Amino acid sequence: MNFQEIGEKWQKRWAEEKAFEPEPEEGKRKFFLTAAFPYPNSPQHIGHARTYTTTDVYARYMRMRGTNVLFPMGFHVTGTPVLAMAKRVAAKDPEILEIFEKIYRVPADVIPTLDEPKRLVDYFSREIEMGMREMGFSIDWRRKFYTYDKAFNAFIRWQFEKLKGKGYLVKGNHPVPWCPNEDNAVGAHDTKGDVDPNIDQMTAIKFELKDEPGNYLLCATFRPETIYGVTNAWINPQIKYSLVEIGGSKYWVSSAVAKSLPLQIPSMRKIGERNGSEFEGKKVLNPVTGDELPIFPASFVQPEVGTGVVMSVPAHAPYDYLALMDLKGTKWEPMIPEPKQVLELEGFGEFPAKEIVERMGVKNQNDPKAEAATEEIYSKEAHTGKMVIEKYAGMRGVDAKERIKEEMVSAKKALMLHDVINGPVWCRCGARICVKIVADQWFIDYGNKEWKDDVKEAFSRMNLIPEKTRPEYEYTIGWLKEKACVRAQGLGTTFPYDETKMIESLSDSTIYMAFYTVADLIGGMDPERLNSQFFDFVFLGKGDAGAVAEEAGISEKELRAMRASFLYWYPLDSRHSAGDLIHNHLTFFVFNHVAIFPKEHWPRQIATNGFVLMEGSKMSKSLGNIMPLREAIRKYGADIVRFSVVTGAELDADSDFNEAMTEGVVARMKWMAGLVEEYSAKEGSEGKAKAIDLWLLSKLHRKMKIATKAFEKLALREISQEVFYSSVNDLRWYFKRTGSNAKIMRDFLRNWVLMMAPFTPHTCEELWVKLGGEGLVSQAKWPEFDEGKISESAELAEEVVGKTRDDVENILKLIGKKPAKLCLYAAEGWKRKLYSIAREEKRFDLAMKKAMADSELKARAKDVGRVLQQLMKDVGTLRRLMLTEEQELSALRDAKEFFAQEFSCEVEVMMEGEAVGDAQKKKAANASPMKPSIFIE
RNA sequence: GCGGGGGUGUCAGAGCCAGGUCAAAUGAGCAGGACUGAGGCUCCUGUGCCUUUAGUGGCUGCGAGGGUUCAAAUCCCUUCCCCCGCACCA
C-alpha cells in the first residue's frame with residue numbers, strides 16, 4: 001500500500017467531482033467552519049498542519065453527518081512581516097537564506113526572486129496551498145483571497161466605517177518601539193534576534209542643581225518609591241550631557257537621550273551641552289525630602305538608558321551600593337554616604353542591597369553578577385517588601401510605587417517617560433530601538449464597557465473547545481483596552497480616516513469569515529465599485545437592492561444571490577486556531593462580530609488546539625528540527641501525517657510527531673487494509689452468529705457510539721484510540737477466539753472505514769471501493785450506532801473467558817505441568833444474590849442481616865457467612881454488572897473450543913454443584929460470580 | 001505580580017469534573033520467545049516490589065505533607081515545582 005500514490009489519486013478525484021465546493025441548498029442544514037488563514041512569509045511545517053487537519057477532520061465528519069459543509073481558505077499578507085522578509089532576502093541575510101535553503105529547500109534559483117513582497121507572497125502562498133491540497137483538506141478553493149486584494153480592502157474599509165459609526169474608533173497618543181534610523185515602528189520580526197521590544201513607563205524625577213536654580217538633573221527610575229532612600233546622584237563622567245527645555249523647565253539628560261527624547265516629547269529643545277565630569281562633586285536637591293545630595297561619577301550609568309542620570313539608593317539597589325564602594329580610594333571616599341532604608345524585606349536586614357552583594361560575592365559595579373543581584377532584590381522588594389517610611393509605613397512596595405509616582409507627578413516633581421526595558425534592542429538596520437509617542441494614533445476601543453458586555457453575552461452563548469479555555473477569554477475581555485489599529489507601513493488596507501496609514505494586521509482579520517461567503521461571487525466584480533452601500537446590503541440587509549446593484553455594476557439578482565449566500569452560511573459554526581490566539585485574534589474576532597453583526601450572526605463555537613512537537617521537542621530554527629509539511633507528506637504520505645498530527649495528543653495538549661508513532665500507524669493501517677482485502681473477497685454469510693460475533697458487533701457499536709459522542713468535543717485522540725488502536729486489539733482477540741464470520745467482518749470493516757474516513761480519507765476511499773461502497777467515502781454517511789447491538793452481557797461474557805484463560809495460564813505456570821483435562825465450575829445463583837447484597841450494603845453486619853432475610857440464603861447460612869466474609873474483603877471492587885449463572889455457564893461452554901485450543905487438552909464446563917470427586921468438589925466451592933473455579937488434571 | 005494550564009509507572013499519555021471494576025487504559029521502550037537465510041518487519045509473552053509448585057495474596061505507589069471517607073490518582077486544606085500569556089506583534 002503506497003500512501004503517496006493513493007493520496008494523489010483521490011485528490012484528483014475529489015477535484016474532478018468538485019466534492020468540496022458547496023452551494024447553499026434550501027432546507028439542507030449547513031456547517032460553516034474556518035481556521036485562521038496562513039501568513040505566507042515562509043512555507044508551512046507540520047506544526048501549521050495541526051490546526052488545519054483538526055478543522056478538516058471536523059469538516060469531513062460534519063459532511064458525513066449530512067450537513068452542507070463550507071471550509072474555505074485565504075491568505076493573510078497584512079502588515080510588515082512580508083516586507084521584512086523580502087527585505088532580508090534582498091539583503092542576502094545569511095540566516096534567512098539558510099532557513100530557505102536547508103530547511104525548506106526552496107530552489108536556489110527561486111530564492112533571489114523573493115526579494116519583492118508580491119513575488120514572495122505568490123511563491124509561498126502557492127507552496128502552502130499545494131501543501132494543503134496534498135494533505136487532502138476539503139477546502140473550497142474557489143473562495144481563496146489575499147488580504148491585499150482590492151475587494152478585500154473595500155470590505156475592511158467598510159468594517160472600519162462600521163466601527164467608527166459605533167464610536168469604537170478613537171484617537172489618542174501611544175508609545176511604540178521605534179527605529180530612529182528608518183523612522184518606523186518596529187515589531188519583533190524587525191529586530192536583530194527577533195527580540196520583542198518591551199516598553200514600560202519610567203518616572204523621571206527632577207533633582208534641582210543647588211548651584212543652578214531652575215536647572216534640574218533628570219533621573220529616570222522604575223522605583224520612584226525609593227526616592228526616600230536617595231543618597232546621591234550618579235552621572236557617567238565619560239559621556240556628554242545636554243541641557244534641554246521642556247515646557248519651560250530646563251533639564252540635564254545624557255546627550256544620547258536628548259537625541260531620542262523628542263520622539264516622546266516633540267516640544268523638547270536642546271539648549272546646551274557639557275561633559276559629564278563637570279557635574280562631579282556638585283550638589284542636587286531631593287525634591288521630596290529636600291536633602292542636599294552630592295553627584296558622583298559611576299561607570300555603570302549607560303548613556304542611552306533612562307535619562308543617563310541615576311539616583312542612588314544604596315540600601316536597595318545593588319549597583320548603587322557597589323558604585324559607592326568603588327569610590328573607595330578616590331578623592332570622594334570621605335564623602336561616601338550611609339545607605340538609607342526605605343523598605344523592609346523578610347530575610348534581610350536594614351540594607352538588602354548590601355547583603356545580597358556580599359552574599360553573592362559581587363565584586364564591583366562592572367561585575368556581571370550585579371545584574372542578577374539587582375533582579376532578585378527588585379522583584380522581592382516589589383512583591384514582598386513593606387515600606388518603613390512613616391507616611392507609607394507597612395504599604396507593599398508595588399502599591400507605594402504607584403502612589404508615590406502619582407504624588408510626584410501631580411506635584412510636578414517628576415515626569416513620565418517611556419523606555420525599552422529589555423534593551424538594548426537593535427533594529428535589523430543596526431540602530432538602537434527607542435520609544436516614540438505616536439500622536440493622534442487611532443485605536444479600536446476594546447475597553448468600551450457596553451461593547452464588552454455584549455462580548456460577554458456572546459461568549460456566554462458560545463461553545464468553547466476545550467471548555468477550560470473559557471477563563472482565558474474572560475480574563476482577556478477583562479483587561480483589553482484601546483488597541484492601536486494603524487501603522488505607518490505594511491501591506492493591507494489603507495485606513496479610511498487617514499490615508500497615509502495602513503490598518504494593522506490583527507485588526508483586519510476579525511470578520512473576514514463573512515467575506516468567504518461571497519468571495520467567489522465578488523471575484524468577477526469591479527473592486528472600485530464595492531462601496532459601503534454594497535456591503536451594507538450584502539451583510540446587513542440594508543438599502544434598496546436595485547439601487548445598490550446598479551451602483552455596484554451588477555444585476556439585482558447577482559446582488560441578492562450574495563445576500564442569500566451570506567444568510568445561508570452565517571453565522572460561523574466553528575472557528576479554529578492554535579491556543580496562542582486566544583489572547584488577541586480570537587477575542588478580537590468576537591468583539592468585531594458583536595460590533596457589526598446582529599446577534600443571530602454571532603459566532604457559535606471556537607476550538608483551539610496545541611502545537612506539534614518534533615520527537616519530543618519544540619520545533620525551532622536553532623534546533624534545526626523543523627519538518628516542512630510537504631516534505632513530511634512525501635516521506636510518510638498525507639494520511640499518516642494527518643493521523644499522527646491530530647491524534648498524538650488531545651486537542652489542547654501539544655502533540656508529539658515522531659518516527660515510532662508513524663511506524664505504528666503505518667503497521668496497523670496495513671494490517672487493517674490486509675483484512676479488507678481478505679474479507680472483501682470472502683463469500684457472504686456463513687450461518688448463525690456465534691457469541692464471539694455478537695461480542696465483536698457489540699464492541700463495534702460501542703466504538704461508534706463513543707466516537708460520535710467524542711466528536712462533540714473534538715476529542716480526536718480519544719476517537720483514534722477507540723476506533724483505530726482498539727479496533728486492532730479487538731480484532732486480534734476475535735481471531736484468537738476463533739471468530740471468522742465473513743459477513744460480520746465486512747460489517748465491522750465497513751463501519752471502521754467510515755469512521756476512519758475523516759482522519760485518513762485517501763486510504764479510506766481506497767478501502768471503501770474494495771468493500772463495495774457506493775460513491776466517495778468522503779460523501780458517505782457517518783455510521784449510526786445501534787444501541788441494541790451493544791450488549792453488556794456479551795462483553796462481560798468475553799471478559800470472563802479472557803480472565804479465566806489468564807488464570808489457567810497462571811496456574812499452569814505455577815504447577816509446571818501439561819494439563820490433561822481442564823474443568824471449569826461456574827458459581828451458583830445464590831452467590832450472585834449475595835454478591836449483589838454485599839455490593840449494596842458494603843458492611844458485613846448489614847449485608848448479613850439482609851441475606852438472612854432471604855430464605856434461599858438463610859437455608860445455607862454457614863456458606864453464606866464464609867462467602868460473605870470473602871466478598872467483604874474487597875467490597876470496593878464488586879462490580880455493578882454481572883452475568884446470571886446461565887449466561888456465565890453458556891459463555892464458558894461456548895468457549896470450550898477456544899480453551900481446548902489454547903491449552904491443548906480436554907475441557908469440561910459445569911456448575912459448581914455438579915463437580916464430581918472430592919478434590920474437585922472442594923475446588924468448585926470456591927467459584928464466585930465472574931470468576932469460575934478451575935480444576936486441572 | 002496578574003491570569004491560565006499542569007505535575008501519574010522507563011518514557012509519552014489517559015484516568016480526576018460524577019471516589020470503589022486502578023498496580024492504573026493505550027502507545028513507545030525494554031526483556032524473553034515464535035517466524036526467518038537474517039532482520040530494524042510481523043506475531044506471542046512478560047515488564048513496581050515481595051510471596052506462592054493451583055489462580056481469585058501482601059506491600060509500596062499517581063510532586064510533598066495533612067484531612068474527609070468503610071474506600072482517594074480522583075474530594076478538601078497547606079506546600080513545592082514546571083509551562084504558557086500579559087498586546088499593537090503575526
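Below, chain A is the first sequence line, B the second, and so on; all start at residue 1. What you are looking at is a predicted structure, and each value in this text was computed from that prediction instead of being measured.
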When all nucleic acid strands are considered with a 4.0 Å heavy-atom cut-off, which category describes [X]: base, sugar-phosphate, or nothing?
X	value
A/W671	nothing
A/I582	nothing
A/F935	base
A/N584	base
A/T476	nothing
A/E718	nothing
A/P932	base
A/H174	base
A/K736	sugar-phosphate
A/A653	nothing

Exercise. Between A/S928 and A/V728, which is nearer to the 5' end of RNA chain B once each is assigned its nearest nucleotide?
Worked result: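 Looking at RNA chain B, the more 5' nearest nucleotide goes with A/V728.
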
Seminar exercise, completed: 5'-most contact on RNA chain B (nearest-nucleotide basis), A/N41 vs A/T804, goes to A/T804

For this session: List the protein contact pattern of nucleotides 24-32 of chain B with one symbol per nucleotide (5' to 3'): B for base contact, S for sugar-phosphate-only contact, - for none; contact means a heavy-atom distance under 4.0 Å.
Result: -BSSS----

For this session: Could you measure between the two C1' atoms, the one in B/rG48 and the one in B/rA73, and give it in whole Å?
Result: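 Taking atom C1' in both B/rG48 and B/rA73, they lie 16 Å apart.
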
Problem set entry | Nearest-Å distance once atom C1' is located in both B/rG85 and B/rG13 |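 Here B/rG85 and B/rG13 have their C1' atoms 25 Å from each other.
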
Exercise. So does A/R717 pair up with A/E722, basic N to acidic O under 4.0 Å?
Worked result: no

Exercise. Between residues 466-473 of chain A and RNA chain B, which residues have a heavy-atom gap below 4.0 Å?
Worked result: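 Correct list: A/K468, A/P471, A/E472.
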
Seminar exercise, completed: Applied to residues 645-674 of chain A, the ring-ring contact (aromatic ring centres under 6.0 Å, His included) test, sequence neighbours excluded, yields A/Y636-A/F657

For this session: Report yes or no: does A/S644 contribute a side-chain atom to a donor-acceptor pair with the main-chain N or O of A/T662 at less than 3.5 Å?
Result: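 Looks like no, no N/O pair under 3.5 Å.
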
